[in-house]
Number of protein chains: 2
Amino acid sequence: MSTAEPTIVTRPLRADAIRNRAKVLEAARAAFAEHGAEAQMEDVARRAGVGVGTVYRHFPTKQALAEALIEERFDRTIAFVRDLLDEEPDPWRAIERCFEYCAATQERDRAWAAVLALMAGGTGVMGPREHQMRQLLALEEQMIGRARAAGVVRQDLTATDMPALFCALASVVQAGGRNWRRYLDLLLDGLRPQG
Amino acid sequence: MSTAEPTIVTRPLRADAIRNRAKVLEAARAAFAEHGAEAQMEDVARRAGVGVGTVYRHFPTKQALAEALIEERFDRTIAFVRDLLDEEPDPWRAIERCFEYCAATQERDRAWAAVLALMAGGTGVMGPREHQMRQLLALEEQMIGRARAAGVVRQDLTATDMPALFCALASVVQAGGRNWRRYLDLLLDGLRPQG
DNA sequence: ACCTGAACACCGTTCAAGT
DNA sequence: ACCTGAACACCGTTCAAGT
């Protein structure tokens, strides 16, 4: 039972540092959701009511700050898919709802959409999130397995197809705003059993 | 017979200005293909063997320079699709080759992929290329029309579906490097007549 | 131990001086 | 009329001084 990251021994943070860290994350959520990758560190600091130096004390680079937010999103997505496997009896509908959830969250969070639009490669952006990525893929493997067993998706569909599909959907959502539904319909039809 | 842009009366350029403009474009092609949107103006100037000021004299902003390159790509793509309509007798194969051409060019040109990955919205990035976009869509309308008539694509497919599909493909190519083929297969199957 | 914000670095853009 | 490159602006990042 080990995570991918090396274990770093850290003393507990001082009370004010804990508060500041939370304020920075809260401010960053708003700034990145609104402006995507163009969000500015100075703006994050202002929204949080701290100096820029404090932002950098908690997160060494803008990239690192963005990744902390991405990590939260990943966890929520993993939780959502896990619930879906429990609650949704229709195996096809589960897949559909999974994509719809992704599109809907991306619509409200430009940073999340931008990251997903670049993740399919596995290289670069996704390196640090590899552990979560594996968790998510394992859940999707189950989801797809059920659908295959029920004969509602093409037999050659696997979880390894999913990153590219989420990547594709993300860029459509990011670019097109609210009319991603039609694209999603075409995408989903490509996953159906093929004549 | 009018283009979208207002007519601007320009005296002919001086001979050295013509040469410099060409050198800048040439240098920009290399720089943007290699680095995408992160290409640097200083680097373009250096590759062209001119001062930065000269780059700015011919193209008012980095964005404008990038757009000039995009315009070239658009023209080549339009020419390619036009030829395809003449040369490719199989209506399904024409659609397939159109997507393959897009993916292949995007693989060699990061800037082109980046722009396409953001174009589906019609807003923003595509504004200045609206005229070319319309030309391209008109050709795709023909391409899809033939395919519909031959019954090899779903009857509800239209040219207006294409921008989102190219956008999606672009982000997969941009992110995933060389394994876009599988994604394209799923995409194409979504365009087939649906049972 | 943590915070602050002025200072530094980098890159897009401008403009005074040159041909 | 066009070219050049030093100077300016903006934003990510650092660090000396403060509590």
Side-chain angles (χ1 to χ4, degrees), chain A residues 8-70 110-111 114-115 124-125 128, chain B residues 8-70 110-111 114-115 124-125 128:
Chain A
I8 297 169
V9 181
T10 24
R11 355 188 114 269
L13 292 173
R14 222 167 61 179
D16 59 342
I18 293 180
R19 273 195 305 275
N20 279 337
R21 199 188 141 89
K23 283 196 288 184
V24 167
L25 274 173
E26 176 69 24
R29 256 188 292 274
F32 277 87
E34 187 171 340
H35 299 113
E38 273 100 61
Q40 294 174 206
M41 294 301 265
E42 185 62 52
D43 182 38
V44 170
R46 196 170 24 246
R47 290 187 199 227
V50 302
V52 242
T54 301
V55 176
Y56 279 93
R57 163 161 275 263
H58 290 286
F59 304 93
T61 63
K62 181 175 161 177
Q63 177 69 21
L65 178 53
E67 272 175 23
L69 300 177
I70 297 307
R110 293 194 51 205
V115 167
V125 197
Chain B
I8 297 170
V9 182
T10 24
R11 353 189 115 270
L13 291 173
R14 224 167 61 180
D16 59 341
I18 292 180
R19 275 195 304 276
N20 279 337
R21 200 190 141 87
K23 284 196 288 183
V24 167
L25 273 173
E26 177 69 24
R29 257 187 291 274
F32 277 87
E34 187 170 339
H35 299 113
E38 273 101 60
Q40 294 173 207
M41 294 300 265
E42 185 62 51
D43 183 38
V44 170
R46 197 171 25 247
R47 290 188 200 226
V50 300
V52 241
T54 302
V55 177
Y56 279 93
R57 163 160 275 264
H58 291 287
F59 304 94
T61 62
K62 180 174 161 178
Q63 177 69 21
L65 178 54
E67 273 174 24
L69 300 177
I70 297 308
R110 292 194 51 207
V115 167
V125 197

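To find a chain, count down the sequence lines: A is the first, B the second, and so on, and within it residues start at 1. What you see is a predicted model; the values in this text were computed from it and never measured.
Residue contacts shown for A:Ala39 are limited to sugar-phosphate atoms, with no base heavy atom under 4.0 Å away. In this structure, B:Ala45 reaches neither bases nor backbone, as no heavy-atom distance under 4.0 Å exists between it and the strands shown.
As a whole-Å value, the separation of A:Glu42 CD from D:dT13 P is 13 Å. Between B:Glu38 atom CD and D:dG12 atom P there is a gap of 14 Å when expressed in whole angstrom units. Across the protein-nucleic acid pair, A:Leu65 atom CG and D:dT13 atom P stand 10 Å apart, rounded to whole Å. Atom NZ in A:Lys62 sits roughly 16 Å away from atom C1' in C:dA9 (whole-Å rounding). The CD atom of A:Gln40 sits 6 Å away from the C1' atom of D:dC11 (whole-angstrom rounding). Computed from coordinates, the B:Tyr56 OH to C:dT13 C1' distance equals 5 Å when rounded to whole Å.
For the residue pair A:Asp43 and A:Ala31, the shortest heavy atom distance occurs at OD2-CB, 4.1 Å. The minimum heavy-atom distance between B:Leu13 and B:Ala17, with the atom names listed, is CB-CB, 4.2 Å. Closest heavy-atom contact between A:Arg47 and A:Ala27: CB-CB, 3.6 Å.
Using a 4.0 Å cut-off between charged nitrogen and carboxylate oxygen, A:Lys23 and A:Glu26 do not count as a salt-bridge pair. Remark: B:Asp16 does not engage B:Arg19 in a salt bridge, criterion side-chain N to carboxylate O under 4.0 Å.
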Q | Secondary structure string for DNA chain C (Watson-Crick or G-U under 3.5 angstrom, | for other-strand pairs) | A | ||.|||||...|||||.||
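Residues B:Val24 and B:Leu65 are in side-chain contact: their nearest non-hydrogen atoms beyond the backbone lie under 4.5 Å apart. Taking the side chain as every heavy atom from C-beta outward, B:Lys62 and B:Phe32 approach each other to under 4.5 Å. Residues A:Gln40 and A:Val44 form no side-chain contact, since every pair of their non-hydrogen atoms from C-beta on lies 4.5 Å or further apart.
A:Glu38 meets the salt bridge (Lys or Arg N to Asp or Glu O under 4.0 Å) test with no other residue; sequence neighbours excluded.
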(Q) Please encode protein proximity along nucleotides 1-6 of chain D as a string of B, S and -, counting only heavy-atom distances under 4.0 Å. (A) BBSBB-
